[in-house]
Colleague: 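My questions all concern the structure below.
Because only heavy atoms are used, hydrogens play no part in the values below, and waters and symmetry mates are left out as well, while side chains stay in. Please read these numbers as outputs of a predicted model, since none were measured by experiment.
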Amino acid sequence: MSEKKMIIDGIECPFTDERNVLEVARHNGIDIPSLCYCENLSIYGGCRLCLVENDRGALDAACSMAPRNGLVVYTHSKKVLESRHTTLQLLMNSHRAECLTCEESGRCKLQEYAHRYNVVEPRFSENTYSRERLDVSSPCITRDPSKCILCGLCVRMCAEVQNIGAIDFTKRGKKATVAPGFGKMLIETGCVGCGQCAAVCPTGAITINRQIPEMWRMLNDPDKRVVVQFAPSVRVGMAEEFGMPANEPVTGKLVTALRRLGVDVVYDTNLSADLTIMEESAEFLEKVKSGAKLPMFTSCCPGWIQHVEKAHPNLMPQVSTCGSPMEMLGALIRQQFKEEDVYSVAIMPCTAKKFEAQRPELEKDGKRLIDLVLTTDELIRLIKAAGIDFKNLPDSEPDDPLGDYTGAGVIFGVTGGVTEAVIRRVLDDASPDALKTIAECGVRGLEGIKAFTVTAGDLNLRIAVANGLGNADKLIEKVESGEEQFDFIEVMACPNGCIGGGGQPPASNARKAERFQAIFKEDDACEFKLPQQNPAMDYIYGSLLQGRAHELLHIHYPLHGHH
């Protein structure tokens, strides 16, 4: 097949299977502006910013225009620039532009385009932005209707990728807005707090519920001992924000930065990811041997747990009782510092963790296991606010005795990682050949659904991995109809797993693939690959848990669901 080319602004631009002219332009280094387009969602064509002029003088939306061999378009002709200017003026009328105090200032696409196209005032004196109240009902995300420009990205993300549909277009004309139906608040819908809507929102109409002031207060309280844990994928979501390559993990710099912020003790959640695998593998093998109903579902993703509670309550008995790695390390921290006034903070890639930390089930011995959850995004803001030159920090190690981890804990950060760690544990073979075989069994990759078979002794285990709740629903449908049978299913609510969490800096598919590489680089650098090789396990089971492992590390969620 001969290579196809189109002409954009007089430049020959080759293309293969791009969906539209917008993608062809971007792949050839020409950035056509767009506010309603996302490579992972259906094409909407609503914002009209990506209009281009063809060689007959007609304007067309680049996002919905199919590329053709020999097609000629112009992206900044006089007609295009005038149209873009007018569109931005109209959008500014429907958006409450208080940029200095906006959470997304500096990251807002509308702000960026207004600067780029020199739009300094709105078209009309009358503002048409929504006067609906702020929705702060969710502990995970905040919805500000006055900043919504009706791009529909959040609506499509919630419906197409997550299959939840918690928000949609409501009302008409000037009163049109995006909101939950029937005047409900987010907390009253099927929303699981995954934050994927906030990750695609271009303006600040949906943002992470940021709790940075609370963290500063604790860091500056001389009577508080601040103990922080950070999740596997946090180390691969930060690099690009500080001008470093996304495919390099920054664990050592992250530990140093936390100490410079004034944190007293720094632990790595990788340790309790190892612990989760020890507990989850034992639970799984017990279920296989006892003939319990399978598949067993993983339990470390709080968005998935809420989705089971709200959409599939019948499956709750099949979900692992293991607490998430965050919960487990929270329990260990409370045991480690029993007599002290410790403020326990978890840095997570995930907005849904904010909900999880508040759950009544995350209270043991009368104490909350986690006092505060900050996202990767919030940590980046803290580091910038403290004026720390992150890129040039020296590396340092987490604190003992809860500082050790293995490669099995690290890979929790990507879709399939929990499963790969379970397989490593069950096969109990750390030889390079065994690890290579496991890596190549079908568990790795960023596809939405993966299914494969693994042989362990006399067991043939049928395993599936899903990321994105829409994919999980498809898999569940196949299991419930009898079309497929599995022994073990891993679900992560966010597309690509935690590396693409709602609390991470938003990233393109290419950037997520680099984060994926960084996770496995960190795994390669680990001396130990199996969770049972972690030297801290003896101390944890012998000294900290003292026979209370099930009580402290497992969670029994109410079967009727939790709101």
Side-chain angles (χ1 to χ4, degrees), residues 36-44 138 140-141 143 151-170 178-182 184-201 206 295 297-316 318-319 349-353 355-356 415-416 446-451 464-484 486 489-504 506 509 512 557 561-563:
C36 69
Y37 179 73
C38 172
E39 60 189 335
N40 303 314
L41 301 175
S42 64
I43 290 162
Y44 174 56
S138 161
C140 312
I141 52 178
R143 202 174 58 81
C151 70
L153 283 169
C154 57
V155 174
R156 281 174 286 146
M157 175 57 78
C158 196
E160 295 171 13
V161 175
Q162 300 299 58
N163 197 33
I164 289 173
I167 44 178
D168 207 341
F169 290 102
T170 64
V178 168
F182 310 108
K184 287 182 176 176
M185 289 283 156
L186 269 176
I187 200 76
E188 301 167 298
T189 68
C191 172
V192 299
C194 71
Q196 289 300 315
C197 52
V200 292
C201 176
I206 303 182
F297 291 91
T298 56
S299 60
C300 42
C301 170
W304 158 241
I305 294 291
Q306 274 204 77
H307 189 55
V308 177
E309 289 176 321
K310 291 181 174 187
H312 307 283
N314 58 306
L315 294 179
M316 206 30 122
Q318 285 167 254
V319 174
C350 170
T351 47
K353 288 280 176 195
F355 176 87
E356 182 189 359
T415 173
L446 295 173
E447 302 84 356
I449 298 175
K450 294 170 287 197
V465 174
N467 66 84
L469 292 173
N471 287 322
D473 287 343
K474 283 180 199 157
L475 206 52
I476 288 165
E477 204 175 298
K478 286 184 172 176
V479 169
E480 291 188 331
S481 70
E483 185 187 332
E484 286 267 29
F486 294 103
I489 294 180
E490 172 199 313
V491 180
M492 293 293 172
C494 290
N496 309 131
C498 305
I499 54 170
Q504 296 273 75
N509 292 346
K512 284 189 200 162
Y557 293 111
H562 178 95
H563 289 275

Colleague: Please report the shortest heavy-atom distance between Pro180 and Leu186, naming the atom on each side.
Modeller: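 The pair with the smallest heavy-atom distance is CG-N, 4.0 Å.
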Colleague: Out of Cys301, Cys300, Pro302, which one pairs with Trp304 under the side-chain contact (heavy atoms from CB on, under 4.5 Å) rule?
Modeller: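 Exactly one option meets the side-chain contact (heavy atoms from CB on, under 4.5 Å) with Trp304, and it is Cys301.
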Colleague: Give a yes or no answer on whether the side chain of Arg143 reaches the backbone of Ser138 with a donor-acceptor pair at less than 3.5 Å.
Modeller: no
Colleague: If the condition is side-chain contact (heavy atoms from CB on, under 4.5 Å), which residues does Val479 pass it with, not counting sequence neighbours?
Modeller: Pro295, Phe486, Ile489
Colleague: With sequence neighbours left out, what residues match Val161 under side-chain contact (heavy atoms from CB on, under 4.5 Å)?
Modeller: Leu41, Met157, Pro495
Colleague: Do Gln504 side-chain atoms and Gly501 backbone N/O form a donor-acceptor pair below 3.5 Å?
Modeller: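 Checked: no pair found.
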Colleague: Tell me, please, which residues at least two apart from Ala166 pass side-chain contact (heavy atoms from CB on, under 4.5 Å).
Modeller: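 Only Cys158, Ile164, Thr189, Cys191 meet the side-chain contact (heavy atoms from CB on, under 4.5 Å) criterion with Ala166.
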Colleague: Could you give the distance from CD (Glu483) to CG (Leu475), rounded to the nearest 0.5 Å?
Modeller: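 Between atom CD of Glu483 and atom CG of Leu475 there are 10.0 Å.
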Colleague: Any idea which heavy atoms bring Cys494 and Gly502 closest together, and the distance?
Modeller: SG-N, 3.9 Å
Colleague: What residues, two or more places apart in sequence or in another chain, satisfy side-chain hydrogen bond (donor to acceptor under 3.5 Å, both in side chains) together with Gln162?
Modeller: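 Per chain and number, Gln162 pairs via side-chain hydrogen bond (donor to acceptor under 3.5 Å, both in side chains) with no residue.
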Colleague: Can you list the residues that meet the side-chain hydrogen bond (donor to acceptor under 3.5 Å, both in side chains) rule with Ser42, with sequence neighbours excluded?
Modeller: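 Per chain and number, Ser42 pairs via side-chain hydrogen bond (donor to acceptor under 3.5 Å, both in side chains) with Glu160.
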Colleague: Applying side-chain contact (heavy atoms from CB on, under 4.5 Å), run through Leu315 and Phe297 and close with a yes or a no.
Modeller: CA-CA 9 Å; Leu315 294 179; Phe297 291 91; 4.1 Å; yes
Colleague: Would you check if the side chain of Asn163 reaches a backbone N or O of Asn471 as a donor-acceptor pair within less than 3.5 Å?
Modeller: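 A pair under 3.5 Å: no.
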Colleague: For Ala472 and Val491, work out which heavy atoms get closest and say how close.
Modeller: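 Between these two residues, the closest heavy atoms are CB-CG1, 3.7 Å.
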Colleague: Are Met316 and Ile305 packed together at the side-chain level, in the sense that at least one heavy-atom pair is separated by less than 4.5 angstrom?
Modeller: yes
Colleague: From Ile167 CD1 over to Cys154 SG, what is the distance, rounded to the nearest 0.5 angstrom?
Modeller: 3.5 Å
Colleague: If we ignore hydrogens and angles and just use 3.5 Å, is the side chain of Thr351 paired with the main-chain N or O of Gly503 as donor and acceptor?
Modeller: no
Colleague: For Glu356, give me all partners under side-chain hydrogen bond (donor to acceptor under 3.5 Å, both in side chains), at least two apart in sequence or on another chain.
Modeller: Ser324, Lys353
Colleague: Within this structure, what is the CD-CD1 distance for the pair Gln318 and Ile476, rounded to the nearest 0.5 Å?
Modeller: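 Interatomic distance, Gln318 CD to Ile476 CD1, rounded to 0.5 Å: 9.5 Å.
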Colleague: Rounded at 0.5 Å granularity, tell me how far CZ in Phe355 sits from CD in Gln306.
Modeller: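 Reported value, rounded in 0.5 Å steps: 4.0 Å.
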Colleague: Spell out, as yes or no, whether a donor-acceptor pair under 3.5 Å connects the side chain of Glu490 to the backbone of Gly416.
Modeller: yes
Colleague: Rounded at 0.5 Å granularity, tell me how far CD in Gln196 sits from CG in Asn40.
Modeller: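 Spacing of CD (Gln196) from CG (Asn40) equals 9.5 Å.
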Colleague: side-chain contact (heavy atoms from CB on, under 4.5 Å), that's the test. Do Ile499 and Leu446 meet it? Break it down for me.
Modeller: CA-CA 11 Å; Ile499 54 170; Leu446 295 173; 4.1 Å; yes
Colleague: Return the CD to CG distance between Glu447 and Asn496, rounded to the nearest 0.5 Å.
Modeller: 9.5 Å
Colleague: The criterion is side-chain hydrogen bond (donor to acceptor under 3.5 Å, both in side chains); which residues satisfy it with Glu39, sequence neighbours excluded?
Modeller: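 Glu39 satisfies side-chain hydrogen bond (donor to acceptor under 3.5 Å, both in side chains) with no other residue.
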Colleague: Before giving the answer on side-chain contact (heavy atoms from CB on, under 4.5 Å), spell out for Lys450 and Thr415 the whole-Å C-alpha distance, their side-chain angles and the decisive distance to 0.1 Å.
Modeller: CA-CA 10 Å; Lys450 294 170 287 197; Thr415 173; 4.0 Å; yes
Colleague: My understanding is that only residues two or more places apart in sequence, or in another chain, count here; which of them pass side-chain contact (heavy atoms from CB on, under 4.5 Å) with Asn314?
Modeller: His312, Glu480
Colleague: Listed by chain and number, what are the ring pair (Phe, Tyr, Trp, His ring centres under 6.0 Å) partners of Tyr37, not counting sequence neighbours?
Modeller: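 For Tyr37, no residue satisfies ring pair (Phe, Tyr, Trp, His ring centres under 6.0 Å) once neighbours in sequence are set aside.
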Colleague: With side-chain contact (heavy atoms from CB on, under 4.5 Å) as the criterion, how do Ile141 and Cys197 come out once you've worked through the C-alpha distance, each side chain's angles and the decisive distance to 0.1 Å?
Modeller: CA-CA 9 Å; Ile141 52 178; Cys197 52; 3.6 Å; yes
Colleague: So does Glu477 have more than 12 non-hydrogen atoms from other groups sitting under 6.0 Å from CD?
Modeller: no
Colleague: Looking only at heavy atoms, what is the nearest atom pair of Pro349 and Cys498, with distance?
Modeller: CB-O, 3.4 Å
